[in-house]
Amino acid sequence: MKPLLDVLIILDALEKEGSFAAASAKLFKTPSALSYTVHKLESDLNIQILDRTGHRARFTRTGQMLLEKGRDVLHAVRELEKQAIKLHQGWENELVIGVDDTFPFSLLAPLIEAFYARHSVTRLKFINGVLAGSWEALIQGRADIIVGALHEPPQLSAFGFACLGKLEQVFVVAPHHPLAQEAEPINRRVIKNYRAIVVGDNSLPGCAVSSQLLDDQEAITVFDFKTKLELQINGLGCGYLPRYLAQRFIESGALIEKQVLAQTSDESVWIGWNEQTAGLASAWWRQEILANSAIAAVYAAAGVEKSAS
């Protein structure tokens, strides 16, 4: 295989440089050494790669095919070499990033583009997390990093975490919902009389927004916040939504924001990672997320990175 790779490199340089003399200068070998390598492969495979009958060697049909397909092989080999070097340096082969459903995924698109422009050796895999399910994904090893996780992080030494800030949530109803006409601030005992729309993961018991669901309150549980938003716009229930998600619908009149008596509308949002498996790709994503101004605009000032004790 190595003689073939050597010939592919020579053919690539020969076509680009135009002559054996120029190709040999590029490859730091003598013209006779290049000619011998090509001739030996021709003899071993009983093929003709170059037509040497004229003043300058020309590619035969076989040689042209080797040149064109060989460039694909050379590209693959060079990428394999870079991947081996990157992995040896500490870049992960694959990085699984769990993104909580409250987090605006579109903010990660520029980071994905920037990451692949510099570090394409690591494959990225994104999975969805719902509320407490985000921490579950990290603890159970289904994700290497989680972004936008709500609730307090687990106090386990194998994991690190940093606060992204506060997620503001607003209580909203459709204009035709009965609570739209209720005097503010609305007493929670009044809210209890109306159906709530909550987000949960049926595969993970206890992952609904229990802190926003009152005792014995009727509720519809859905699988993500976009669905929750749609149902509330349609007046099928009430509940809290992230400010960034609800704001344009409040401004358009599709939703009405209502103040609730003794409400707590802000909740800490976290990024977490597995310190035992973290490599250079994990570190890159942590640093970029914490330094990203667009993400900071959604949340309040981020906290200081630290490890769980």
Side-chain angles (χ1 to χ4, degrees), residues 1-97 108-127 141 143-145 273-289 291-292:
M1 180 61 74
K2 188 177 186 301
L4 177 58
L5 287 176
D6 290 340
V7 170
L8 295 180
I9 293 171
I10 293 170
L11 296 183
D12 179 61
L14 182 59
E15 193 273 338
K16 289 177 179 177
E17 303 301 322
S19 68
F20 270 106
S24 64
K26 180 179 181 180
L27 298 176
F28 303 101
K29 294 183 179 180
T30 64
S32 60
L34 300 191
S35 180
Y36 172 79
T37 302
V38 175
H39 180 75
K40 186 176 187 309
L41 185 67
E42 289 177 320
S43 176
D44 290 345
L45 300 182
N46 194 25
I47 59 174
Q48 185 178 8
I49 297 173
L50 297 173
D51 181 356
R52 301 173 177 82
T53 58
H55 175 68
R56 179 175 293 181
R58 295 175 300 165
F59 288 95
T60 64
R61 289 178 59 191
T62 301
Q64 190 66 35
M65 182 274 293
L66 281 174
L67 172 68
E68 294 173 358
K69 294 188 178 298
R71 281 176 170 162
D72 293 335
V73 173
L74 290 176
H75 176 74
V77 169
R78 287 162 183 158
E79 288 299 311
L80 184 60
E81 289 175 344
K82 288 193 292 184
Q83 183 173 0
I85 293 171
K86 288 280 191 179
L87 291 176
H88 180 72
Q89 292 173 341
W91 291 91
E92 298 91 325
N93 187 49
E94 180 180 76
L95 186 70
V96 181
I97 302 176
L108 296 182
L111 298 184
I112 295 172
E113 183 177 5
F115 181 80
Y116 274 123
R118 300 178 182 90
H119 310 297
S120 58
V121 63
T122 301
R123 294 192 303 269
L124 297 178
K125 179 180 179 181
F126 292 92
I127 62 173
D144 301 303
I145 300 177
W273 61 92
N274 188 329
E275 292 192 326
Q276 294 182 328
T277 62
L280 295 178
S282 175
W284 187 96
W285 275 94
R286 296 199 310 265
Q287 293 165 6
E288 292 298 320
I289 288 172
N292 188 272

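For the numbers below, each heavy atom of this structure counts, side chains included, while hydrogens, waters and symmetry mates do not.
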Rounded to the nearest 0.5 Å, what's the gap from CH2 on Trp273 to CG on Asp144? Could you check? 13.0 Å
Heavy atoms only: give me the nearest Ala13-Lys26 pair and the separation to one decimal. CB-CD, 4.4 Å
Taken to the nearest 0.5 Å, the spacing of Arg52 CZ from His39 NE2 works out to 7.0 Å
Grab the two heavy atoms, one from Thr37 and one from Ala33, that are nearest each other, plus how far apart they are. OG1-O, 2.9 Å
Between CG on residue Leu124 and CG on residue Leu108, distance to nearest 0.5 Å: 10.0 Å
Mind checking whether Lys40 and Asp6 have side chains closer than 4.5 Å, heavy atoms only? no
Would you say Thr62 and Gln48 make side-chain contact, with heavy atoms under 4.5 Å? no
Close side-chain approach of Leu95 and Phe115, heavy atoms under 4.5 Å: no
Nearest heavy atoms of Arg286 and Ala278, plus distance in Å: NH1-CB, 3.9 Å
With rounding to the nearest 0.5 angstrom, report the CD1 to OG1 distance, Ile145 to Thr277. 9.0 Å
Is there a donor-acceptor pair closer than 3.5 Å between any side-chain N or O of Ser24 and the backbone N or O of Ala21? yes
Using every non-hydrogen atom in the two residues, find where Ala23 and Glu17 come nearest and quote the distance to one decimal. N-CB, 3.8 Å
Keeping the roles fixed (side chain from Thr122, backbone from Asn93), state whether a donor-acceptor pair exists under 3.5 Å. no
Hey, is the main chain of Pro31 close enough, under 3.5 Å, to the side chain of Ser35 for a donor-acceptor pair? no
Before giving the answer on side chain to side chain contact (heavy atoms under 4.5 Å, CB included), spell out for Phe59 and Asp51 the whole-Å C-alpha distance, their side-chain angles and the decisive distance to 0.1 Å. CA-CA 6 Å; Phe59 288 95; Asp51 181 356; over 6 Å; no
Report yes or no: does Glu94 contribute a side-chain atom to a donor-acceptor pair with the main-chain N or O of Arg123 at less than 3.5 Å? no
Any non-hydrogen side-chain atom of Leu67 less than 4.5 Å from a side-chain atom of Ile49? no
Would you compute the distance between atom CZ of Arg58 and atom CD of Glu15 and round it to the nearest 0.5 angstrom? 15.0 Å
Tell me, yes or no, whether the heavy-atom count around Phe126 atom CZ, taken from other residues, nucleotides or ligands under 6.0 Å, exceeds 12. yes
Using 0.5 Å steps for rounding, measure from the CG atom of Leu41 to the CD1 atom of Ile47. 5.0 Å
Do Leu34 and Leu14 come within less than 4.5 Å of each other through their side chains, counting heavy atoms only? no
